Amino acid sequence: MKVLLRPAVLKAGDKINMRIILLGPPGAGKGTQAKTLAERLNLAHISTGDILRENASKGTQLGQQAKEYMNKGALVPDTLVSQMLTQRFSQPDIQSGFILDGYPRNINQAETLDDVLKQRNMGIDMVIYLDTSESVIIQRLSGRLVCSLCGRNFHIKNMPPEKEMTCDDCGGRLYQRTDDKEETIKKRLEVYKKESSGLVQHYQEKSKLFSVSADQEAPMVINKIIQLIDEYNDSHKK
Ligand code: AMP
């Protein structure tokens with residue numbers, strides 16, 4: 001794994017055409033960090049969890065199929081998620097770079113991603129691993145609130161909204177995800193250990209892995225991620 005060396009120089013609004021994966025257990029803060037990064041660096045934010053939840057709330061065929069797995073804390077079958085990914089990658093915004101959040105979740109999905117990207121003459125630049133301890137994960141997930149309109153995350157204790165159950169940004173209604181209940185959290189962590197934790201080694205072997213301690217508050221984590229991206233860009237200047 002690689003370490004940080006110097007202060008970041010990337011500024012909000014800078015354009016960088018990069019393809020980045022955020023890796024880490026549920027509760028590591030992938031969604032929060034990916035949303036901020038995408039806004040600051042003008043990258044497309046691709047969250048397979050968000051796409052699946054949107055399908056579930058609209059009652060599409062995919063959503064109906066996915067819901068039963070999601071509510072149990074299990075992974076949605078690879079074939080369904082891969083189709084969804086291929087569709088998402090046919091949209092033009094990915095040409096200027098993207099952040100993947102929640103995909104891949106296992107080695108099979110990592111291989112599918114490689115194929116999908118290869119067909120488009122693309123590859124992944126960086127895989128950023130949000131290293132998080134189990135106690136922090138449980139504390140974060142059990143208090144998480146999500147905006148039903150813009151997807152911003154809050155926390156009952158650590159980051160409460162100004163007005164009860166209302167998003168500070170867009171005024172949307174906040175809700176608790178059905179899979180953020182204690183039993184389902186445990187199941188999701190088991191699934192992560194069994195299915196996803198091997199991806200850290202997978203990308204380390206490909207020399208793509210960069211690690212950030214994600215037990216800290218979100219603004220500190222985002223600064224470290226931006227430092228890493230900045231450093232990467234610096235050392236890969238043509
Ligand atoms: P997330 O929002 O990333 O925590 O994902 C929520 C749920 O959506 C997961 O617990 C899975 O049930 C499902 N899901 C999201 N991404 C994937 C994926 N890449 N593969 C399979 N299931 C997924």
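In each ligand, atom 1 is the first atom listed, and ligand 1 is the first ligand listed. Bear in mind the structure is a predicted one, so any value in this text is a computation, not a measurement.
The shortest distance between side-chain heavy atoms of R188 and K72 does not fall below 4.5 Å. Counting only heavy atoms from C-beta outward, the side chains of E182 and K186 approach each other to under 4.5 Å. By the 4.5 Å heavy-atom criterion applied to side chains, L52 and V76 are counted as neighbours.
Listed by number with element, the atoms of ligand 1 under 4.0 Å from a non-hydrogen atom of D179 are 6 (C). Of all the atoms in ligand 1, the ones that sit under 4.0 Å from a non-hydrogen atom of Y103 are 19 (N). Taking every non-hydrogen atom of R188 and a distance limit under 4.0 Å, the qualifying atoms of ligand 1 come out as 4 (O).
The closest protein non-hydrogen atom to atom 8 (O) of ligand 1 is M70 CE, 3.5 Å. The protein atom (non-hydrogen) at minimum distance from atom 22 (N) of ligand 1 is V76 N, 3.0 Å. The shortest contact between atom 16 (N) of ligand 1 and any protein heavy atom is with T48 OG1, 2.8 Å. For atom 4 (O) of ligand 1, the nearest non-hydrogen atom of the protein is R177 NH2, 3.1 Å. Among all non-hydrogen protein atoms, the one lying nearest atom 12 (O) of ligand 1 is A74 O, 2.6 Å. At the top of the distance list for atom 23 (C) of ligand 1, counting protein heavy atoms only, stands L52 CD1, 3.9 Å. Given atom 9 (C) of ligand 1, the protein heavy atom at minimum distance is R105 NH2, 3.4 Å.
The shortest N/O to N/O separation between Q109 and ligand 1 falls below 3.5 Å. Any N or O atom pair closer than 3.5 Å counts here, and L75 shares no such pair with ligand 1.
Between K194 and E190, no side-chain nitrogen of the basic residue sits less than 4.0 Å from a carboxylate oxygen of the acidic one, so the salt-bridge criterion is not met.
Between D180 and the choices R140, R144, R53, the salt bridge (Lys or Arg N to Asp or Glu O under 4.0 Å) rule is met once, by R144. For the side-chain contact (heavy atoms from CB on, under 4.5 Å) criterion with I46, the lone passing option out of I94, I99, D93 is I94.
Proximity annotation for atom 2 (O) of ligand 1: of K30, R53, K72, R53 comes nearest, heavy atoms only.
Donor-acceptor pairing under 3.5 Å is lacking for the side chains of N71 and D179. No hydrogens or angles considered: nothing links the side chains of T132 and D215 as a donor-acceptor pair under 3.5 Å. Using modelled atom types and a 3.5 Å distance limit, the side chains of Q87 and Q83 yield no donor-acceptor pair.
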